[in-house]
Protein chains: 2
Amino acid sequence: MNSEFTIAVHSLVYLAYLPERMASSEMIAHNVGTHSARVRKVMSGLRKAGYVDTREGAGGGYKLTMDPNVVTLGDIYKVMAQGSLIPSWCTGDPGMDCVVGSNMNQVMFGIFCKAEKQLESHFTGITIQDVLSQIHACG
Amino acid sequence: MNSEFTIAVHSLVYLAYLPERMASSEMIAHNVGTHSARVRKVMSGLRKAGYVDTREGAGGGYKLTMDPNVVTLGDIYKVMAQGSLIPSWCTGDPGMDCVVGSNMNQVMFGIFCKAEKQLESHFTGITIQDVLSQIHACG
DNA sequence: TCATACTGTAATATTATCAATTACAGTTAC
DNA sequence: GTAACTGTAATTGATAATATTACAGTATGA
């Protein structure tokens, strides 16, 4: 699984947790446990998808624009990690003589696609606020 | 996703397809599109789990022992790729001061575990015979 | 207007993971 | 005894993930 998805979720939950709902890449990176450049890349994707606002320059940073009760992990998955379940490595070869060898690729692809849809719908059942609530329940 | 799972499924479907339900690692490797040593490693796991029988020596190879209508991809997943959905890379750090940073790891782990259970149950709904039937339907 | 504090992005290094390859001991059939 | 297999591990090579560095662009405030 793509770790950018996890970083994105963590960042959004962190923003939702902050009273101002705003933080710099440096602050987020420290909370997530990675480097600010990586956070900026992930946040750039979230901005393009409309989940955060960016302000460049001094005092700038990222601000959550969406309602944490509305945005789901499914939304984030679609933006950051869609297709991550399907293996890049495929077996068989369509040019083969054998029915099994020549069609396995296609059949497995179909199976993985369905699996991915189910995974997505699982994530769609969890909002950013849900994650934050679970975190508070940990304490 | 671990490609050993795909190799295992392909191998079992291939065995189920053969009239004798038997083949050497060389034959399987050719059909799958990888090397015999890799096939042997995967088949070794399937043997330990009881899905195939092995015969060493000349004229040996692997033989399907289970009913293709009974063995599911879920069974194979459990043996070959369990846990593959959970990212190895984790965000946050339990020793942190911030509630979010210190608990995110645990919460995300729980979410991924549930996701994995659903994935498993998706695979459990598909038998080796189902895959073979889908392949025949391709022609 | 200049220094400062940010984002955006790309390039490069560094690891980690995955897969191919090789090797060889052990086993069975003939 | 030889040939054809499996079992397993070690090594190499390829690819992907992550960290690091760098710097141009932009806003803020003295």
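This is a predicted model, so every value here is computed, not measured. In what follows, chains are A, B, ... by sequence order, proteins preceding strands, each numbered from 1. As a basis for the values below, the full set of heavy atoms in this structure was taken, side chains included, without hydrogen atoms, waters or symmetry mates.
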Per [X] side chain, nearest of listed nucleotides [options]:
{"X": "A/Glu56", "options": "D/dT8, D/dG25, D/dA22", "answer": "D/dG25"}
{"X": "B/Ala58", "options": "C/dA19, D/dG7, C/dA29", "answer": "C/dA29"}
{"X": "B/Arg47", "options": "C/dG8, C/dC6, D/dG7", "answer": "D/dG7"}
{"X": "B/Trp89", "options": "C/dT7, D/dT18, C/dT9", "answer": "D/dT18"}
{"X": "B/Ser24", "options": "D/dT8, C/dG8, D/dC5", "answer": "D/dC5"}

Figure out the [atom1]/[atom2] separation between [X] and [N], and round it to whole Å.
{"X": "A/Met22", "N": "C/dT7", "atom1": "CE", "atom2": "C1'", "answer": "11 Å"}
{"X": "B/Glu26", "N": "D/dC5", "atom1": "CD", "atom2": "C1'", "answer": "10 Å"}
{"X": "A/Leu15", "N": "C/dT7", "atom1": "CG", "atom2": "C1'", "answer": "15 Å"}
{"X": "A/Ile86", "N": "D/dA16", "atom1": "CD1", "atom2": "C1'", "answer": "17 Å"}
{"X": "B/Arg38", "N": "C/dT22", "atom1": "CZ", "atom2": "C1'", "answer": "16 Å"}
{"X": "A/Ile7", "N": "D/dA19", "atom1": "CD1", "atom2": "C1'", "answer": "11 Å"}
{"X": "B/Tyr62", "N": "D/dC5", "atom1": "OH", "atom2": "P", "answer": "12 Å"}
{"X": "B/Ile28", "N": "D/dG7", "atom1": "CD1", "atom2": "P", "answer": "11 Å"}

Verify the contact: side-chain N or O of [X] to OP1 or OP2 of [N], cut-off strictly under 4.0 Å; return yes or no.
{"X": "A/Lys41", "N": "D/dA19", "value": "no"}
{"X": "A/Lys48", "N": "C/dT9", "value": "yes"}
{"X": "A/Ser44", "N": "C/dT7", "value": "no"}
{"X": "B/Ser88", "N": "C/dA16", "value": "no"}
{"X": "B/Thr54", "N": "D/dT6", "value": "no"}

Pair [X], [Y]: side-chain N/O donor-acceptor within cut-off below 3.5 Å:
{"X": "B/Asp130", "Y": "B/Ser133", "value": "no"}
{"X": "B/Arg47", "Y": "B/Thr65", "value": "no"}
{"X": "B/Ser84", "Y": "B/Tyr77", "value": "yes"}
{"X": "B/Gln106", "Y": "A/Gln134", "value": "no"}

| said: What's the separation between atom CD1 in A/Ile28 and atom CG in A/Leu18, rounded to the nearest 0.5 Å? | reply: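 Those atoms lie 8.5 Å apart.
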
| message | I'd like to know if B/Lys63 and B/Glu20 make a salt bridge, using a cut-off of under 4.0 Å between side-chain N and carboxylate O. | response |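 No, this pair does not count.
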
| Given that A/Gly57 and A/Ala37 both sit by DNA chain C, which one's nearest nucleotide is further toward the 5' end? |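 Upstream on the strand: A/Gly57.
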
For [X], answer base if it contacts any base atom (sugar-phosphate contacts may also be present), sugar-phosphate if it contacts only those atoms, and nothing otherwise; contact means non-hydrogen atoms under 4.0 Å.
{"X": "B/Thr34", "value": "sugar-phosphate"}
{"X": "B/Ser3", "value": "sugar-phosphate"}
{"X": "B/Arg40", "value": "base"}

